[in-house]
Asks: 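My structure is below; once you've seen it, I'll send some questions.
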Protein chains: 2
Amino acid sequence: VIEFRDVTKVYGQGEAEVHALDGVSLSITTGEFVAIMGPSGSGKSTAMNMVGCLDSPTSGDYLFNGVHVAALDQDQRALLRRNYLGFVFQGFNLLPRTSALDNVELPLIYKGLVGAERRAQALDALGKVGLKGREHHDPSELSGGQQQRVAIARALVGTPQVIVADEPTGNLDTKMSKEIMEVLRDLNKDDGITIVMVTHEEDMAGFADRIIWMVDGRVERTGTPAEI
Amino acid sequence: VIEFRDVTKVYGQGEAEVHALDGVSLSITTGEFVAIMGPSGSGKSTAMNMVGCLDSPTSGDYLFNGVHVAALDQDQRALLRRNYLGFVFQGFNLLPRTSALDNVELPLIYKGLVGAERRAQALDALGKVGLKGREHHDPSELSGGQQQRVAIARALVGTPQVIVADEPTGNLDTKMSKEIMEVLRDLNKDDGITIVMVTHEEDMAGFADRIIWMVDGRVERTGTPAEI
Ligand SMILES: Nc1ncnc2c1ncn2[C@@H]1O[C@H](COP(=O)(O)OP(=O)(O)OP(=O)(O)O)[C@@H](O)[C@H]1O
Ligand SMILES: Nc1ncnc2c1ncn2[C@@H]1O[C@H](COP(=O)(O)OP(=O)(O)OP(=O)(O)O)[C@@H](O)[C@H]1O
Ligand SMILES: [Mg+2]
Ligand SMILES: [Mg+2]
């Protein structure tokens, strides 16, 4: 479902050139649960933005469901994201001055669900991440870990085909992190949702079927958690 | 140096009342390295904002160097922060559209250092967190973990009396996290800087002399890493 063919992403020019991705080739099959690990600055978020159709390669190809995403225009890409992807950003990217409930309902508005149905599904998603009773608070009234969980609920509420999660447990205690991993694993095993997750915590990567290890904008190795 | 006497912090009213801190009493002595742990939403950041003189109790007293902080006006508190405190925020709070170097120099401008000296100290701090060569990038051109490290460099650049760090390694891989912990430990052992650090990772808490465990706005227990 996800395929990178020698993808590069270069920022800046000349001496200041930064190769955020330096020739990445990988493929993720439907229904896989993959963890992406590697040092800070190794290109993980850049790769995630590519997967989520939020960014395009400088060279090489990225295919989603066999489609060359770079060939789509902005509107087509937006449609693809709404219909197939749920994204948990490393910085959460919640709408400020907007309640947790409204933030989580957003993907369902695009799907054309009516108010009562949206509300029910959003509350269900918030319940899965342990935020029952916090739905009317806006981000400034929530702790760091609570904001992170609103972002997670928003990513899974539309049961998308693929969930892309960039460090989803960075602000959560161990117990809550494991509960979130269980939620993701259930979505993967029961609903067949493909999950691509960046994490730096080995315990969390252990929930994945396979780990991709990145260094300096390249895939250094890949294998099962046991192997890595 | 830091003392809480039955501190409470209450948000909202009536039914919607949230007791972020629900009677916290603790004291931290000069030169101690303390880790604060506990579930998401247990009041850790709220306590950190209190320590950093950015917030005041609803009831109870918070004393910094024996001073009742709530009795100071805004200007006096700002002066206290500049002269004695370095703060790493859970959300980084870097100045956007401002280079990493300028972000890190900011506390030194308040100290009245001249340009060349500021630059040298800022570059030294950035070097300690492994960001040599990234100093001219602004936050939008840096990875999540790099932004976090700029925030850390800014907190330690003025060698303050107390460093307050709210989840300083949440976006860092294990190797880099340990390097940062070594930097903090050196500042603590060599320069006598008091460190109060929120973390949810047991490996990182292991660098501290003592752990304070919070639940539901209260201190549940405290002890050495070995005990906890
Ligand atoms: N302005 C506010 N209005 C209402 N409730 C608030 C407000 N700010 C914080 N809270 C609540 O206070 C409680 C403590 O928040 P705090 O940010 O201190 O938690 P934390 O321990 O740092 O959590 P985390 O580990 O998730 O960062 C949370 O339940 C939070 O929702
Ligand atoms: N707009 C930009 N201009 C220049 N360099 C950039 C830009 N955006 C990202 N980079 C660089 O690209 C590299 C990869 O960034 P990326 O965010 O993908 O790293 P990461 O693996 O997610 O790191 P972390 O674990 O710290 O989140 C970094 O060195 C970063 O500084
Ligand atoms: Mg990243
Ligand atoms: Mg917090």
Side-chain angles (χ1 to χ4, degrees), chain A residues 11-12 15-16 18 20 36-49 89-92 94 129-131 133-134 136-137 139-150 166-177 179-180 198-205 213-215 217, chain B residues 11-12 15-16 18 20 36-49 89-92 94 129-131 133-134 136-137 139-150 166-177 179-180 198-205 213-215 217:
Chain A
Y11 293 107
E15 268 225 25
V18 174
I36 304 204
M37 301 185 81
S40 174
S42 55
K44 306 180 297 295
S45 293
T46 305
M48 292 299 96
N49 289 339
F89 295 90
Q90 191 168 4
F92 319 153
L94 299 177
V129 299
L131 284 178
R134 312 298 296 173
H136 298 302
H137 292 244
S140 69
E141 300 168 327
L142 294 171
S143 76
Q146 289 168 342
Q147 292 174 32
Q148 187 156 39
R149 285 182 275 154
V150 175
D166 197 346
E167 311 253 17
T169 63
N171 285 283
L172 301 174
D173 54 284
T174 308
K175 179 161 174 288
M176 179 56 67
S177 296
E179 288 176 29
I180 296 293
V198 170
T199 181
H200 67 253
E201 297 187 65
E202 297 179 3
D203 290 352
M204 304 306 135
W213 194 277
M214 290 184 66
V215 177
Chain B
Y11 293 106
E15 268 224 25
V18 174
I36 304 204
M37 302 185 81
S40 172
S42 54
K44 307 181 295 296
S45 293
T46 305
M48 293 299 96
N49 290 339
F89 294 91
Q90 191 168 5
F92 319 154
L94 299 177
V129 298
L131 284 178
R134 312 297 297 172
H136 298 301
H137 292 244
S140 69
E141 300 167 329
L142 295 171
S143 77
Q146 289 167 341
Q147 291 174 34
Q148 187 156 38
R149 285 182 276 154
V150 174
D166 197 346
E167 310 253 17
T169 63
N171 285 285
L172 301 173
D173 53 284
T174 308
K175 179 160 174 285
M176 179 56 67
S177 296
E179 287 175 31
I180 296 292
V198 170
T199 182
H200 68 254
E201 296 187 63
E202 296 179 2
D203 290 351
M204 305 305 134
W213 195 278
M214 290 183 67
V215 177

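Order of the sequence lines sets the chain letters (A, B, ...), proteins ahead of strands, with each chain counted from 1. What's counted below: heavy atoms across the whole structure, side chains too, no hydrogens, waters or symmetry copies.
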Asks: Going by the side chain to side chain donor-acceptor pair (under 3.5 Å) test, name the single residue among A:Lys175, A:Arg149, A:Gln146 that passes it with B:Ser40.
Replies: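 Answer to the side chain to side chain donor-acceptor pair (under 3.5 Å) test with B:Ser40 among A:Lys175, A:Arg149, A:Gln146: A:Arg149.
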
Asks: Are B:Thr174 and A:Met37 side-chain neighbours, meaning at least one heavy-atom pair lies under 4.5 Å?
Replies: no

Asks: How close do A:Gln90 and B:Asn171 get, heavy atom to heavy atom, and via which atoms?
Replies: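 Distance-wise, the nearest heavy atoms are NE2-OD1, 3.0 Å.
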
Asks: Counting only heavy atoms closer than 4.5 Å, note whether A:His137 contacts chain B via side chain, backbone, both or neither.
Replies: side chain

Asks: What is the distance from atom CG of B:Asp173 to atom NZ of A:Lys44, rounded to the nearest 0.5 Å?
Replies: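 One gets 6.5 Å once the value is rounded to the nearest 0.5 Å.
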
Asks: By a 4.5 Å heavy-atom criterion (distance strictly below it), what part of A:Val198 contacts chain B: side chain, backbone, both, or neither?
Replies: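 Interface part for A:Val198: neither.
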
Asks: Does any heavy atom of chain B fall under 4.5 Å from the side chain of A:Glu201, the backbone, both, or neither of them?
Replies: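 For A:Glu201, side-chain heavy atoms alone lie under 4.5 Å from chain B.
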
Asks: A:Thr169 versus chain B, heavy atoms under 4.5 Å apart: side chain, backbone, both or neither?
Replies: backbone

Asks: Do you know which of B:Gly130, B:Gly91, B:Gly144 has the most heavy-atom pairs under 4.5 Å to chain A?
Replies: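 Of the candidates given, the most pairs with chain A belong to B:Gly144.
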
